[in-house]
Amino acid sequence: MSNLERTAAFLKSFETRDGSNVTYYAPDVVQHEFPNQLVKEGATRDLEAMKRGAQAGKKSTSEERYEIVRMIEQGDEVALEVIWTAKLNVPIGKLAEGDIMRAHVGMFLTWRDGKIISQRNYDCFDPF
């Protein structure tokens with residue numbers, strides 16, 4: 001399986017919301033989420049922090065989707081542009097429960113031995 005195929009499967013695993021996305025991460029993975037409307041200061045997370053964040057996300061959203069706009073692979077690096085949407089379980093800003101939140105995401109993954117060791121996200125949310 002190529003890193004592009006792994007990346008597509010990785011994003012699909014989020015849509016199931018069954019926790020299977022964790023199997024794509026190396027134990028020593030580091031995620032950098034750069035500042036955005038939801039995480040004003042940005043964040044750096046290890047695997048345990050990413051698991052906690054996923055659980056919190058399940059409480060506030062449902063019906064999560066990742067539309068891959070484009071992907072580029074160079075060696076162990078994959079760069080992709082994604083449109084993320086999710087139905088809100090709670091109001092956020094001007095969005096009500098049941099509304100769809102959307103973000104345009106630049107994501108950069110580094111793979112090692114079939115596992116993600118680094119993830120960098122640039123999340124640009126539509127106004128809310």
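Position 1 is the first residue of the sequence; numbering continues from there.
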Do [X] side-chain atoms and [Y] backbone N/O form a donor-acceptor pair below 3.5 Å?
X: Asp126; Y: Met101; result: no
X: Lys115; Y: Thr23; result: yes
X: Lys40; Y: Pro35; result: no
X: Arg65; Y: Trp84; result: no

Is the shortest side-chain heavy-atom distance between [X] and [Y] below 4.5 Å?
X: Leu11; Y: Leu80; result: yes
X: Tyr25; Y: Met50; result: yes
X: Asp46; Y: Val29; result: no
X: Leu38; Y: Phe125; result: yes
X: Thr110; Y: Arg120; result: yes
X: Thr44; Y: Val30; result: yes
X: Phe128; Y: Lys94; result: no
X: Thr85; Y: Arg102; result: yes

Would the number of heavy atoms belonging to other residues, nucleotides or ligands and lying under 6.0 Å from NZ of Lys58 be above 12?
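Atom NZ in Lys58 is crowded, with more than 12 foreign heavy atoms closer than 6.0 Å.
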Any idea which heavy atoms bring [X] and [Y] closest together, and the distance?
X: Ile117; Y: Ala26; value: CG2-CB, 3.8 Å
X: Asn89; Y: Ser62; value: OD1-OG, 3.4 Å
X: Arg17; Y: Gly57; value: NH2-O, 3.6 Å
X: Leu4; Y: Ile72; value: CD2-C, 4.2 Å

Shared ILVMFWY cluster between [X] and [Y], side chains joined below 4.5 angstrom?
X: Val90; Y: Leu95; value: yes
X: Val22; Y: Tyr24; value: yes
X: Phe108; Y: Val82; value: no
X: Val39; Y: Leu47; value: yes

So that I can tick it off, tell me whether Arg112 and Asp28 are bridged by a salt bridge, with the cut-off set at under 4.0 angstrom between side-chain N and carboxylate O.
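Answer for the salt bridge query: yes.
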How long is the straight-line distance from [atom2] of [Y] back to [atom1] of [X], given to the nearest 0.5 Å?
X: Thr7; Y: Met1; atom1: OG1; atom2: CE; value: 10.0 Å
X: Met107; Y: Asp123; atom1: CE; atom2: CG; value: 7.0 Å
X: Thr61; Y: Glu97; atom1: OG1; atom2: CD; value: 12.0 Å
X: Glu67; Y: Glu15; atom1: CD; atom2: CD; value: 10.0 Å

Which of these passes side-chain contact (heavy atoms from CB on, under 4.5 Å) with Leu109: Asn3, Ile116, Asp76?
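For Leu109, the side-chain contact (heavy atoms from CB on, under 4.5 Å) test succeeds with only one of Asn3, Ile116, Asp76, which is Ile116.
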We want to know whether Ser118 and Trp111 form a side-chain donor-acceptor pair, criterion being a heavy-atom distance below 3.5 angstrom.
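There is no such pair (donor and acceptor under 3.5 Å, judged by atom type) between the side chains of Ser118 and Trp111.
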Would you please test Asn121 and Gln119 for side-chain hydrogen bond (donor to acceptor under 3.5 Å, both in side chains) and show each step?
CA-CA 7 Å; Asn121 283 57; Gln119 178 177 338; 2.9 Å; yes
What orientation do Phe14 and Tyr66 show, parallel under 30°, tilted 30 to 60°, or perpendicular over 60°?
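Geometry flag for Tyr66 against Phe14: tilted rings.
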